[in-house]
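Notes follow once the structure below has been shown.
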Amino acid sequence: MADEPQHRPVRESLVRRIPLTALAEFWAGLGAPDLVAVPDAGLMANIARAGLPILLGRTLIRAEKISGRWQVSKDDLQAAARDLTALASIDAAGAGPRQMVTIRTTDELWAGKLARMLRDNHPNPESGREPVVWTGPWWKKHWYWDCQWGCLDFAKIAEPAAGAVNGDAWVIPQLYAEFAADAAAQVERFSADRRRCSRCGETAARRRGWADVDTSGGWESLCANCLASHDSQLRDYQGQLRDIPYARARYRRENPPTWYRCVLCGLPAVVWDHCHEHGYIRGPLCRTCNTNDNWLFRAPYRNAEHPIDHVEQCKGCAGAGPGIGVVAVALQYWIGTLAAAPEEHEHPEGVRLSAFPGRLAIQSAVKDHSFAVEPIAWKCKDCEEHWERSIDPDQMLTVSSQVLVYLRTGDLSRLVVA
């Protein structure tokens, strides 16, 4: 077709891959030495979603969301296991006393950064300095203090330097100093690649106005000018695949979603969104709108004036009542407003949700009008105290009707959480 957008392949999709949920089992099967703490699937998914590099040892682990599930490369994991095995064997075979390196908080580049991390996260007990309290997202704390160093716990390797004041100087073995330098170089190369436009080659100190775009040829990092040029090639979706079952792949191949703008936010689309209940295509969505279950609530603040319009692109959902899956998503969002951690607890940072009703459970409850949904539960990992909060069936029924009104009007104020 003459007006088909032309995309240059930049990064190929993962070929040999496993889902993040199987990462721990696959890693254990590789027989790598116990040098790193492999992050759990939820942590790694958050890091990948934020576009931050994931390191295991000195190996950059590629992660990509494919068919709604985060995947990682088997090749990367195997390379990381081989590298860590070699590191452990060299360290074990070292003859005589270890060569040590002193790093200080005033050093430049990786040495100063690592020393400051050790000082702030694991201070010298004799100094009387308290650890810095982290106030950001829990997963980002892990990235800043663990993952960018290959998930290796340097606090077990480093020792306070003699005469150091307030943990401002640390001593680590030469072998692990080289490891830290390699890991920091990997992160820097990753960051530099993201600050280089895939099309024009322009580099920038900051990516303001830039975007990562999924195209038929791979991922591209585009500057503001190239992004505008890319957007100019895209079409507005006019229902070209309405009433087409998602299972008919031929139609999707003939009209790839990368030719269109996202029907919710206007960014370049990536996938054909479809109804999981009835199987019909609803329209093209970008990566964020397709993977974030809260897109329904973000829509009124973006381009979609009436969110129900997108839902009803599926003829099976058109005019449907509270049994449709999208209402269950809205109800889960409402229940999430109740899921704040208990107040005035002695260990607020240790409180975690231990039970929360899933979308399918909520959907079944709404369909059957039973509203028998498991309660919200929390547990403190520090003191083992736990709490529960039941969900009022009458209130849930009321909110269900409010959700339908919201879907019809696009007015978020119609959804009132008592």
Basic-acidic side-chain contact under 4.0 Å: E188, R195: yes
Ionic contact status for R104 with D107, cut-off 4.0 Å: no
Going by heavy atoms in the side chains, are [X] and [Y] under 4.5 Å from each other?
X    : Y    : result
L234 : W259 : no
W170 : E159 : no
C223 : C200 : yes
L87  : Y176 : yes
W149 : L55  : no
W70  : T21  : no
L118 : I103 : yes
Y280 : P245 : yes

Looking only at heavy atoms, what is the nearest atom pair of [X] and [Y], with distance?
X    : Y    : result
L23  : I18  : CA-CD1, 4.1 Å
A80  : I61  : CB-CD1, 4.4 Å
V72  : A63  : CG1-CB, 4.0 Å
K74  : R17  : CE-O, 3.7 Å
W110 : I172 : CZ3-CD1, 4.5 Å
P19  : Q71  : N-OE1, 3.2 Å

Under the side-chain contact (heavy atoms from CB on, under 4.5 Å) test, residues paired with Q240 that sit two or more places apart: Y237, Q238, Y260
Stepwise side chain to side chain contact (heavy atoms under 4.5 Å, CB included) check, K113 with Q148: CA-CA 11 Å; K113 190 174 184 179; Q148 61 178 322; 2.9 Å; yes
Spell out, as yes or no, whether a donor-acceptor pair under 3.5 Å connects the side chain of [X] to the backbone of [Y].
X    : Y    : answer
R389 : I376 : no
W143 : P53  : yes
Q186 : R58  : yes

Could you tell me the separation between the [atom1] atom of [X] and the [atom2] atom of [Y], rounded to the nearest 0.5 Å?
X    : Y    : atom1 : atom2 : value
W27  : L56  : CH2   : CG    : 5.0 Å
D168 : T105 : CG    : OG1   : 4.0 Å
E385 : K379 : CD    : NZ    : 12.0 Å
D83  : T59  : CG    : OG1   : 5.0 Å
M44  : L52  : CE    : CG    : 12.0 Å
R116 : T106 : CZ    : OG1   : 8.5 Å

Worked check of side chain to side chain contact (heavy atoms under 4.5 Å, CB included) between L60 and D76: CA-CA 7 Å; L60 187 67; D76 294 344; over 6 Å; no
Plane angle bin for F154 and F179 - parallel if under 30°, tilted between 30 and 60°, otherwise perpendicular: tilted
I281/D273 under side chain to side chain contact (heavy atoms under 4.5 Å, CB included): CA gap, chis, key distance, verdict: CA-CA 6 Å; I281 292 175; D273 177 46; over 6 Å; no
Residue pair W378, H386: steps toward the side chain to side chain contact (heavy atoms under 4.5 Å, CB included) verdict: CA-CA 5 Å; W378 301 265; H386 62 277; over 6 Å; no
